[in-house]
There are 4 protein chains.
Amino acid sequence: MARQRTRSKVHEAVLSLACESRVGTLTMEGVAARAGVSKQTLYRTWPSTGAILFDALLARSADEGGDVVVPDSGNLATDLEGLAVATIAELTDPTQEPLLRAVTAEIQSNEGLAAQFREMLLAPQLHGISDRLRRGGVTDPDGIAELFVAPIFHRWLLRSRPFDAAWVATHVARVLRASSVS
Amino acid sequence: MARQRTRSKVHEAVLSLACESRVGTLTMEGVAARAGVSKQTLYRTWPSTGAILFDALLARSADEGGDVVVPDSGNLATDLEGLAVATIAELTDPTQEPLLRAVTAEIQSNEGLAAQFREMLLAPQLHGISDRLRRGGVTDPDGIAELFVAPIFHRWLLRSRPFDAAWVATHVARVLRASSVS
Amino acid sequence: MARQRTRSKVHEAVLSLACESRVGTLTMEGVAARAGVSKQTLYRTWPSTGAILFDALLARSADEGGDVVVPDSGNLATDLEGLAVATIAELTDPTQEPLLRAVTAEIQSNEGLAAQFREMLLAPQLHGISDRLRRGGVTDPDGIAELFVAPIFHRWLLRSRPFDAAWVATHVARVLRASSVS
Amino acid sequence: MARQRTRSKVHEAVLSLACESRVGTLTMEGVAARAGVSKQTLYRTWPSTGAILFDALLARSADEGGDVVVPDSGNLATDLEGLAVATIAELTDPTQEPLLRAVTAEIQSNEGLAAQFREMLLAPQLHGISDRLRRGGVTDPDGIAELFVAPIFHRWLLRSRPFDAAWVATHVARVLRASSVS
DNA sequence: TCTTAACCGAGACGGTACGTCCGGTCTTTTT
DNA sequence: AAAAAGACCGGACGTACCGTCTCGGTTAAGA
């Protein structure tokens, strides 16, 4: 296992590289050079750049408290809209988007990473949302949470159409209609 | 640019390679060797393996008629369920899945390819669905089409949960509830 | 056989390219492009860049009259010195040197070209010199001509030492001593 | 840079290739394959096939003691004839000639290599000869050494005329006449 | 004058080699 | 003992030319 000092340097390096350069440009050699670490040190701990990046994201998320915070103002529609706006902001944040796209691309060809991603980043978020829905009286909170999140991801992943406030409002309205809550 | 005979050989090669080997293993050299074509011939026409793969998919889709066929039995729920099952079958078809995942990964880092993908493969499908919804009396067919398609893609892309008949039925029910159609 | 117009364009192109760029950079494609001629037109007439270059040199030498002119002032030493200076000037002329070095390098790996070079460019020069020596009463004009020319070439080919007036004078004196002429 | 084991493998490979195949056929890929070495290993240490070949020749010359041995029997004419015969034998040795021609061709377009060649291989030889001439009472040993060596090189380089015993004898006689030694 | 055959440009094509980059492994040296 | 430094093999990258090969268009004869 790598020492904490080394891990930090590597995390810092991989995040800065992933931000500044194009996705897919991430290389073990580049990370090693940026981190001032030998390649062997990387290989001792991580099998791929995807793994390093993911580890770095996890560590950062842990540092920042990491818990998904779903607002609860009592008004479900308002809360969902706020959540959508926050999610969209995170997905399109210039310092985050390249990282997330890199991880997404990696997931397509790496089942192990996909599983980790699901369990450690995706599941907590969905649980937070479905908890809020349950508190709002939704009878099928898991399904509705998916119905709420998927179109946002879909637009982002396939870069299909822009996100604007009108769409968010309409989307939330549709989701609430599906949830059988007046 | 490239002569038709050459294009065909290359399409055949890239499809067979994408199927049999792991995604991301596609290389220009490999395609050239399999197609019995020189590397320069590839580079003269396509800038990347992603572009070749996409071109091959387009050509195949054109060969096969290519039109998205949405069933119309009069019963919207039945039709949507059939459509979902067909889409899921296509996404998880062992000869298709590696190709689609490769293209999806490529899209994350290639805006141009993403645009082509949206316009030539995704848009027709969504239009087909929203047309069917409109005929079914849905007032917001585009939004509902997205609500219908996105969770299917979401589960497939993030490999989040398996597809089964029960989920399909529930999903269709949710979408119909959101569409304000009794 | 290539038409005269084509030959001229090609000769012009190859000479200009050989001058301006580094030796060994001459390529069939480059010559074809510069001459505004298709590659096939080149290959129909010449087997290699060396052959083109040599043909161009021959043509130019024919255009300019091409005969080797050995001065005959009555004083053999003076004439040889003048000849040495003229030869050195030609060898080190910036517009000639790259061409001659290119041909020389080509000769090392191309016996056919070497033979042509000997017969069409080298032999006339040596004959001119040995004629002058014979008129000067030298008993072994061919051998002495070689003794005169070889060190000049040697210094040029191996870039061994600079040419200066003092060396030329000494060299001519040595050669005359060897020629048994007082 | 390169480890000794690697250097040896590369030297061996380049010498065998230079001997068996035509000059100018030497390629970095070929040498790498023959030596069982990756291309990068070659490029890390040598910039061109010429440099490798030259390095190999130097190493071999160092291994074999490498000193130029000029015979000294007391009779200058006899010694020079022996030296000429030995030099000619070396230049026309089937296992040496391709190497030397390759290096000669390379020198035409590579000033750095030319300088190395002059200092490490040519200069020692000329010094050996001029030393012998000085011991023989020649007043201008350097100039005469050049006068002796140049025509031999000239004939070899330009493949002008064959070497035979009669020519060698005449040549030595001419040189000695030029040297002002009875 | 009208063929008709050679010449020509354009450039796709299968190749070989280029010189670079990176993936992983292994050795050497430093700390 | 762990780490940096980096040499090493393998293999793909994207480019430059190679020499061959159709394609149409254009000249320049001979019929």
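So that the names make sense, note that chain A is the first sequence line, chain B the second, and so on, each numbered from 1.
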Side chains of [X] and [Y] in contact at under 4.5 Å (non-hydrogen atoms):
X	Y	answer
D:Thr104	D:Trp156	yes
D:Glu12	D:Lys9	no
D:Met28	D:Thr49	yes

> Any luck finding a side-chain donor-acceptor pair between A:Ser8 and A:Arg5 under 3.5 Å?
Replying inline: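 Absent: no donor and acceptor within the cut-off.
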Between the protein and nucleotides 25-30 of chain F, are there any N/O to N/O pairs under 3.5 Å, and if so, what are the atom names and distances?
none

Would you kindly give the [atom1]-to-[atom2] distance between [X] and [N], to the nearest whole Å?
X	N	atom1	atom2	value
B:Leu42	E:dG14	CG	P	9 Å
A:Leu26	E:dC21	CG	C1'	15 Å
D:Arg7	F:dA7	CZ	C1'	13 Å
D:Arg5	E:dC26	CZ	C1'	16 Å
A:Ile52	E:dC22	CD1	P	14 Å
C:Arg44	F:dG19	CZ	C1'	13 Å
C:Glu29	F:dC17	CD	P	6 Å
B:Gln4	E:dC13	CD	P	11 Å

Does the side chain of [X] get closer than 4.0 angstrom to OP1 or OP2 of [N] through an N or O atom?
X	N	value
B:Thr6	E:dC13	yes
D:Thr41	F:dC9	yes
B:Lys9	E:dG14	yes

> More than 12 heavy atoms of other residues, nucleotides or ligands under 6.0 Å from CE of B:Met120: is that the case?
Replying inline: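 12 or below, so no.
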> Does atom CD of B:Glu20 have more than 12 heavy-atom neighbours, drawn from other residues, nucleotides or ligands, at distances under 6.0 Å?
Replying inline: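 Enclosed: over 12 neighbouring heavy atoms sit under 6.0 Å from CD of B:Glu20.
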Just jot down the side-chain hydrogen bond (donor to acceptor under 3.5 Å, both in side chains) partners of [X], sequence neighbours excluded, or say none.
X	result
A:Glu119	none
A:Ser48	none
A:Lys39	A:Glu29

>> Working note: C:Val103 + C:Leu99, criterion side chain to side chain contact (heavy atoms under 4.5 Å, CB included); need CA distance, chi angles, decisive distance, verdict.
In response: CA-CA 6 Å; C:Val103 171; C:Leu99 278 66; 5.6 Å; no
>> Taking the axis from the first five pairs and the axis from the last five, what angle separates them in the helix from E:dT1-F:dA31 to E:dT31-F:dA1, rounded to 10 degrees?
In response: 20°
>> Between A:Thr27 and D:Met28, which residue's closest nucleotide on DNA chain E lies nearer the 5′ terminus?
In response: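 This one resolves to D:Met28.
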>> Under the criterion side chain to side chain contact (heavy atoms under 4.5 Å, CB included), I'd like the reasoning laid out for A:Arg159 against B:Arg118: C-alpha separation, chi angles, the key distance, then a yes or no.
In response: CA-CA 8 Å; A:Arg159 304 158 176 270; B:Arg118 268 195 320 272; 3.4 Å; yes
> Could you walk me through whether B:Leu121 and B:Leu58 pass the side chain to side chain contact (heavy atoms under 4.5 Å, CB included) check?
Replying inline: CA-CA 8 Å; B:Leu121 296 178; B:Leu58 262 191; 4.1 Å; yes
> Counting side-chain heavy atoms from C-beta on, which of F:dC13, F:dC8, F:dG19 comes nearest to C:Tyr43?
Replying inline: F:dG19
>> For DNA chain E, which residues of residues 32-40 of chain B approach it to below 4.0 angstrom with any heavy atom?
In response: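 Heavy-atom contacts with DNA chain E come from B:Gly36, B:Val37, B:Ser38, B:Gln40.
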